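Read the structure below first, then the notes.
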Amino acid sequence: MNTQLPLDGELEKIEINLLLEGIYRRYGYDFRNYSYASIRRRIWHRLRLEGLENVSSLQAKVMHHSEVFHRLLGDLVIPVTEMFRDPDMFLAFRRDIIPLLRELPFIRIWHAGCSTGEEVYSMAILLNEEGLLHKSRIYATDISESALQRAKDGIIPIDRMKKYTKNYQLAGGQQSFSDYYISDHGTVMVKPFLRQPIVFARHNLVTDSSFNEFHVIMCRNVMIYFNSQLRDQAHKLFYESLAQEGFLTLGGKESISFTPMAGRYEACNDKYRIFRKIR
């Protein structure tokens with residue numbers, strides 16, 4: 001009988017797997033198939049802040065104290081977003097995809113992993129300038145309740161306004177960016193008409209199913225944290241959720257290549273990861 005203990009790295013991996021399994025069973029959040037290197041880095045960030053020595057001690061805290069879990073959850077779903085992020089992508093979307101959407105009687109768009117909503121509001125602005133907002137419904141979903149609440153509030157960090165204004169202009173903005181927000185006592189908030197066609201809801205790409213049929217799905221820089229199994233699962237969900245000839249837009253480091261759905265799309269703009277469902 002081999003009683004040799006695992007090496008430190010192997011033991012740590014066992015601890016992390018047990019922690020993630022516990023989170024799934026206790027709280028319903030499934031991080032078990034996220035990129036190990038990314039999840040490990042974020043767990044150790046929380047370990048240091050909590051003043052703990054190992055993952056097992058964090059697991060005990062997480063299982064018995066929901067406030068510790070929610071602090072860890074904030075580390076695991078760090079929101080990374082901005083208004084008109086990758087302006088050239090929005091410019092390409094405006095030029096290549098909007099004319100095709102214009103032909104539809106009604107447009108349904110899903111922003112999966114919407115974080116705090118900056119890209120969702122960017123899409124609302126683009127649709128407004130193209131005269132399509134009145135016949136559009138945007139569904140914005142995320143795993144994080146706190147991120148969704150910030151998205152619903154529509155508050156824009158005032159220290160980012162200069163960058164966001166430049167992004168808007170580079171993305172082909174047709175008006176003054178200030179037309180879309182209200183500034184009051186150091187707070188910047190998007191105007192109510194932009195929030196009106198948006199439905200914010202919690203949705204977990206790992207555990208939840210399709211909930212509508214969409215003409216556009218945007219999921220940018222979310223799946224870079226998934227392993228191959230989870231990426232394939234998400235792509236299957238997106239394929240099932242897209243209308244025929246609908247559009248899937250991914251992040252710059254993501255692709256449908258080497259997924260089971262690869263042959264079911266054509267590239268509308270491979271540089272900016274815009275694909276069209278063809279079969």
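Everything numeric in this text was worked out from a predicted model, so none of it was measured.
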List the atom pairs, with distances to 0.1 Å, where a side-chain N or O of residues 121-132 and a protein N or O form a donor-acceptor pair under 3.5 Å, not counting sequence neighbours.
from, atom 1, to, atom 2, distance (Å)
Tyr121, OH, Ala151, O, 2.6
Ser122, OG, Phe84, N, 2.8
Ser122, OG, Glu118, O, 2.8
Glu129, OE1, Arg94, NH1, 3.4
Glu129, OE1, Arg94, NH2, 3.1
Glu129, OE1, Gln174, N, 3.0
Glu129, OE2, Tyr168, OH, 2.3
Glu129, OE2, Gln174, N, 3.4
Glu129, OE2, Tyr180, OH, 2.8
Glu130, OE1, Arg102, NH2, 2.9
Glu130, OE2, Arg94, NH1, 3.0
Glu130, OE2, Gln174, NE2, 3.3

Compute the centroid of each ring, for Phe93 and then for Phe90, and state whether the two points are separated by less than 6.0 Å.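 Ring centres of Phe90 and Phe93 not closer than 6.0 Å.
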
Thinking salt bridges, do Glu67 and Arg71 make one under a 4.0 Å N-O criterion?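 Arg71 and Glu67: not salt-bridged.
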
Less than 4.5 Å apart, any side-chain heavy atom of Glu12 and any of Trp44?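 Yes; the side chains approach each other to less than 4.5 Å.
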
Quick check with a 6.0 Å cut-off and a 45 degree axis cone: is Arg160 positioned over the face of Tyr181's six-membered ring? no

Within 45 degrees of the axis of the six-membered ring of Tyr139 and under 6.0 Å from its centre: does Arg108 put its NZ or CZ there? no

Determine the interplanar angle of the Tyr29 and Phe69 rings, folded into 0 to 90°, and report it as parallel if under 30°, tilted if 30 to 60°, perpendicular if over 60°.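 Rings of Tyr29 and Phe69: tilted, as their planes differ by 30° to 60°.
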
Could you check whether Tyr36 and Arg40, counting side-chain N and O atoms only, form a donor-acceptor pair closer than 3.5 Å? no

Just checking, any donor-acceptor pair under 3.5 angstrom between side chains of Asn17 and Glu21? no

Quick check: closest heavy atoms across Asn269 and Arg95, and the distance to 0.1 Å? ND2-NH2, 3.9 Å

Could you pull out all residues at least two apart from Ser146 that satisfy side chain to side chain contact (heavy atoms under 4.5 Å, CB included)? Ser144

N/O donor-acceptor pairs under 3.5 Å from side chains in residues 226-238, not counting sequence neighbours:
from, atom 1, to, atom 2, distance (Å)
Asn227, OD1, Gln229, N, 3.2
Asn227, OD1, Leu230, N, 2.9
Asn227, ND2, Asn33, O, 3.4
Asn227, ND2, Asn33, OD1, 3.2
Arg231, NH1, Phe226, O, 2.5
Gln233, NE2, Val206, O, 2.5
Lys236, NZ, Glu240, OE2, 2.5

